[in-house]
Structures are given as C-alpha cells and as structure tokens.
Amino acid sequence: MISKKMADSLNRHMNVELSSANLYLCMASCASDMGLKGAANWFMVQYREEMGHFMMFYTYLVDQGVNVSILASKAIPNSYKSLLDMMQKTLAHEQMITGCMNELSEQAINEKDHATRIFLQWFVTEQIEEENNDRDLIAKLKLVGDNGQGVLMIDAEMAQRVFIPPTGAPPVV
Ligand code: OFO
C-alpha cells in the first residue's frame, strides 16, 4: 500500500534516474570523442548503474500496483571543456541526487511508509560511494592539471572500472 503522493514522487524520481543514465551516456560519447577511452568506459559503467537504479524504482512501483509514467526529458548536453569539467558536473549531479534521496526519505518517514523508507535506504548509502568516487577523481585531475601524460594515467585507471549490478536489482540489459 503506497499513497498516490508517494507513488508520484517515486515516479518522478524514477525519471530522474533515467535522465542520469542519459547524462552519463552522453559523457561517455564526449570522453570517447576526446580520445579518452578509459573515461568513456567509466561513464558507460555509470550509465549501466543508473539504468539499474531506474529499474529498481520501476520494479518497486510496479510491485506496489502503480502504473508508471515515463515523462518527457530535456536534451542532454554532450559538450564539455575537459575531463575535469565532466567530473565536476558529475559530482554536482550526484549531490543533487543525494538531495532527492533525502527528500524522498523524509516524505516516506512523514507518511509512516516503512516499505518505501527501507527501499530508499540502499540509495541513501549508495550516494556516499557515488560522491566519494567523483571527489577522488576530481582531486587527481586537479593534481595533474594540464599535463597530458597525467590525464592519460587517470584515463588508464578509469579503464579498469567494471560494472557490478546493484545488489537486489533486476537484471539490466
Ligand atoms: Fe542513481 O545515482 Fe547517480 O544519479
């Protein structure tokens, strides 16, 4: 049993997760265009994670008897000054998502909707890791500055990232 208000908020956020996936898909393309194939891999993994988050919201809502809506989305930027610029925008985006998770959790607590509060707990914890990963890369990119060799070393590190499906999430294509 979920309130209409809570279902609407979760449905809106499900669409935000889908737009996150699209944002990182565009960043993967942009990184590839810059010759940074490792960073392109990193953003593709991020894209797949976001599709996993989208599917977790989708499945939760459908399991609660909600007929979900996919909302119209705005065009996604696909031009960035540098990898540092992309990572800083990634961190800002993830901080916005953290704010969304806090607001959704607050709503679930106010409505005494414990199922939704528990469902959201995974995302609240996940955001700590998301922001931390971004901050690490930003710090390294600031250290190397305009040194191309340094950027390529970070790119090689980003090539190592592998997709691990979120625990408890349905399979993602
Ligand atoms: Fe789904 O956490 Fe990033 O956006």
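What you see below is based on every heavy atom in this structure, not just the backbone, and it leaves out hydrogens, waters and symmetry mates. Just follow the structure's listing: the first ligand is 1, and inside any ligand the first atom is 1.
- Sorted pairs that involve residues 12-36 and meet salt bridge (charged side-chain N to carboxylate O under 4.0 Å, His left out), not counting sequence neighbours, are lacking altogether.
- In this structure, CE on M6 lies 5.5 Å from OG1 on T116, to the nearest 0.5 angstrom.
- Every pair passing salt bridge (charged side-chain N to carboxylate O under 4.0 Å, His left out) that includes a residue from residues 153-166 is listed here, sequence neighbours excluded: E49-R161, K140-E157.
- Listed by chain and residue number, R135 satisfy the salt bridge (charged side-chain N to carboxylate O under 4.0 Å, His left out) test with E131 (two or more places apart in sequence, or in another chain).
- A distance-only check finds a donor-acceptor pair linking the side chain of Q127 to the backbone of E94 [under 3.5 Å].
- Using a 4.0 Å cut-off between charged side-chain N and carboxylate O, D113 and R117 make no salt bridge.
- By the criterion of a separation under 2.8 Å, the protein N/O/S atoms near atom 1 (Fe) of ligand 1 amount to E17 OE1, E50 OE1, H53 ND1.
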